[in-house]
Each structure stands twice: as structure tokens, then as C-alpha cells.
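Along the sequence shown, residues carry numbers from 1.
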Amino acid sequence: MKQVYVDQNIQSGQEIALDMKQAHHVFDVLRTTSKERIRIITSAQKAYMGHVLKKPFIYIDKELDVQEDTKKITLCFALIKQEKFEWMLQKSCELGVTDIVPFISKNTVVKLDEKKVEKKYVRWNEILLSATKQCNRNNLVKLHPIMNLNKLSEFKTDCNLVAYEKEEDPSKHLAQCLKENPSSITVCIGPEGGFEKSEIDLLNQAGFENCSLGKNILRAETAACYVLSAIEYQNHVEG
């Protein structure tokens with residue numbers, strides 16, 4: 001079903017105007033007709049059903065009863081090459097992440113021009129919004145500013161993990177770490193070259209526990225999908 005997002009409070013029986021970009025997509029690209037029903041999500045995570053009127057207006061037919069996601073999942077993800085990072089944003093959104101914290105570590109090879117960071121964030125948020133529409137989520141992913149690794153402790157939650165390829169203790173496999181199905185979780189994933197031992201020590205001192213993602217060495221973007229899929233699976237098992 002087609003879905004749009006509006007940053008305003010709305011109610012049933014109301015006509016609202018879409019912004020220029022969404023109106024173009026709904027009316028001109030998708031060629032939506034008044035006979036079709038579209039889903040409208042607000043910034044307050046409320047969902048409505050509606051239909052299009054004359055561009056750029058839509059009519060709100062009724063409010064939907066939706067269950068809000070209760071688990072906070074924060075992914076601290078090191079900057080990697082642009083196409084892989086943007087792929088990670090899209091897939092992480094589809095797999096239920098609530099917060100993404102990009103960070104820089106010693107093995108980060110990507111060098112962002114400070115003058116272009118703002119444009120990058122516009123593009124990244126557009127990717128997240130598009131993925132959110134595609135998978136019919138009721139909430140937007142929060143993309144935080146780029147951090148240094150020593151600031152990641154500010155994003156700790158109930159369960160705090162760092163994926164470390166050199167962790168060999170079977171009791172520290174991700175599956176074991178998720179057994180208690182924490183209500184909120186933060187996971188740190190390093191860049192292509194992995195974490196330096198000094199960085200792991202720093203994260204451990206900050207309260208992050210090492211966890212293994214299995215015997216295979218995963219690409220950074222693959223690791224993100226692995227972790228989020230495991231969290232979703234555990235939610236389903238507990239549910």
C-alpha cells in the first residue's frame with residue numbers, strides 16, 4: 001500500500017496538502033487515483049487511511065489502530081564507503097532499527113568534507129524515509145550526528161554490545177547475549193578493517209560487552225543485517 005508521512009497533527013475528515021516532493025511522487029510518479037487508499041503516518045506515529053483529491057491534497061478518511069514498536073534498537077555504525085553505508089541505512093530501516101549513530105574509528109577510511117556533511121545528511125534521511133515508506137513502518141529512524149568512538153557511551157541502553165570478530169567465547173555469541181530479550185539494545189559495529197584492540201578496551205571500559213557474530217568474518221553492512229535480524233527473531237520467540 002502507498003504510504004506518506006506528514007509532520008503535523010491531523011484528524012479524520014480533514015483535508016491536508018502534501019509537500020511538493022511527496023505530492024509529485026504520489027500524484028505524478030505513482031499516478032494515484034481517488035479510488036485507491038493510501039496510508040498516512042504522522043510524526044506522532046499515528047496512522048490514518050485516506051485518498052487523494054486534487055494535487056497536492058489528500059483526504060483523511062479514518063484513523064487506524066496500530067501497535068507502536070516498543071523496543072529501542074540503537075545501531076552505532078562506523079562510516080564505510082558511501083554505497084555500502086547507504087545500503088546499510090536502507091536495510092537497517094527495513095529490519096527495525098530505531099536509532100543510527102554514525103561514528104569514526106581508527107580504521108575508518110572514509111574522509112567526509114565538512115562542507116558536504118549537511119548534504120550527506122539530507123540524502124541519508126531521504127534514503128531512510130523512502131525505506132520507511134516501502135516497509136510500512138509507523139515511525140521514522142532517527143539519524144544522529146557523526147560521533148567519535150569515545151562518545152558512543154552516550155547512547156547506552158539496557159543491553160550494550162560491540163561486535164568483535166576476535167571474540168571466541170561461545171557464551172558471548174550474540175544469541176546468548178539476546179536470550180533475556182532486553183527492552184532496549186545498543187550494538188556497535190566497526191568499519192571494514194574492524195576495531196583496534198585499544199578501541200575494544202575503551203568500549204569495554206565504557207560498559208559495552210564483546211559479542212561474536214559467528215565463525216565467519218562479516219562485512220560491516222552484513223553484520224548490521226545479521227544483528228538486527230537476530231534481534232527481530234528473538235522478539236518473535238519471546239512474543
Who pairs with [X] by salt bridge (charged side-chain N to carboxylate O under 4.0 Å, His left out), at least two apart in sequence or on another chain?
X    : answer
E63  : none
D7   : none
K166 : none

| Between N107 and E192, does any side-chain donor sit less than 3.5 Å from a side-chain acceptor? | no
| task | Tell me yes or no: between the side chains of K133 and Q22, is some donor less than 3.5 Å from an acceptor? | result | yes
For residues [X] and [Y], determine if any side-chain heavy atom of one lies less than 4.5 Å from a side-chain heavy atom of the other.
X    : Y    : value
L89  : F77  : no
I231 : K71  : yes
L75  : M88  : yes
Y233 : L178 : no
S229 : E232 : no
I146 : Y121 : yes
W124 : L128 : no
L30  : H25  : yes

For [Y], does its backbone N or O pair with a side-chain atom of [X] as donor and acceptor, under 3.5 Å?
X    : Y    : value
T157 : T186 : yes
Q90  : W87  : no
R137 : C93  : yes
S92  : V97  : no
Q176 : H173 : no
T74  : D99  : no

| Contact list for residues 209-231, test salt bridge (Lys or Arg N to Asp or Glu O under 4.0 Å), sequence neighbours left out | none
| field | Pairs meeting criterion salt bridge (Lys or Arg N to Asp or Glu O under 4.0 Å) with involvement of residues 11-27, two or more places apart | value | K21-E126
Counting only heavy atoms not in [X], do more than 12 fall under 6.0 Å of its [atom1]?
X    : atom1 : result
K55  : NZ    : yes
N9   : CG    : no
E154 : CD    : yes

| remark: Residues passing the side-chain contact (heavy atoms from CB on, under 4.5 Å) test with A223, sequence neighbours excluded, are I189, L213, L218
| field | side-chain contact (heavy atoms from CB on, under 4.5 Å) involving K197 - partner list, sequence neighbours excluded | value | Y164, D201
| said: Under the criterion salt bridge (Lys or Arg N to Asp or Glu O under 4.0 Å), I'd like the reasoning laid out for K106 against E199: C-alpha separation, chi angles, the key distance, then a yes or no. | reply: CA-CA 8 Å; K106 291 182 179 179; E199 293 177 316; 5.8 Å; no
For a quick test of reading the model, state the closest non-hydrogen atom pair linking [X] to [Y] and the distance between them.
X    : Y    : value
G207 : N160 : O-CB, 3.8 Å
E86  : R123 : OE2-NE, 2.6 Å
G194 : E165 : CA-OE2, 4.2 Å
K151 : M147 : CB-SD, 4.1 Å
G96  : I73  : O-CD1, 3.7 Å
C188 : L152 : SG-CD1, 3.9 Å

Measure the [atom1]-[atom2] distance between [X] and [Y] for me, rounded to the nearest 0.5 Å.
X    : Y    : atom1 : atom2 : result
K179 : S171 : NZ    : OG    : 10.5 Å
I41  : K46  : CD1   : NZ    : 12.0 Å
D158 : E180 : CG    : CD    : 11.0 Å
I185 : L161 : CD1   : CG    : 5.0 Å
I58  : L18  : CD1   : CG    : 4.5 Å

Using the test side-chain hydrogen bond (donor to acceptor under 3.5 Å, both in side chains), find all partners of [X] that sit at least two apart in sequence or belong to another chain.
X    : result
Q3   : Y5, R39
E168 : none
N150 : none

| task | State which residues pass ring pair (Phe, Tyr, Trp, His ring centres under 6.0 Å) with H24; sequence neighbours excluded, sorted by chain then number. | result | none
| note | Apart from Y59 itself, its cluster of hydrophobic side chains linked below 4.5 Å comprises L53, F57
| said: Students often mix this up, so state it plainly: with edges at 30° and 60°, are the rings of F195 and F103 parallel, tilted or perpendicular? | reply: parallel
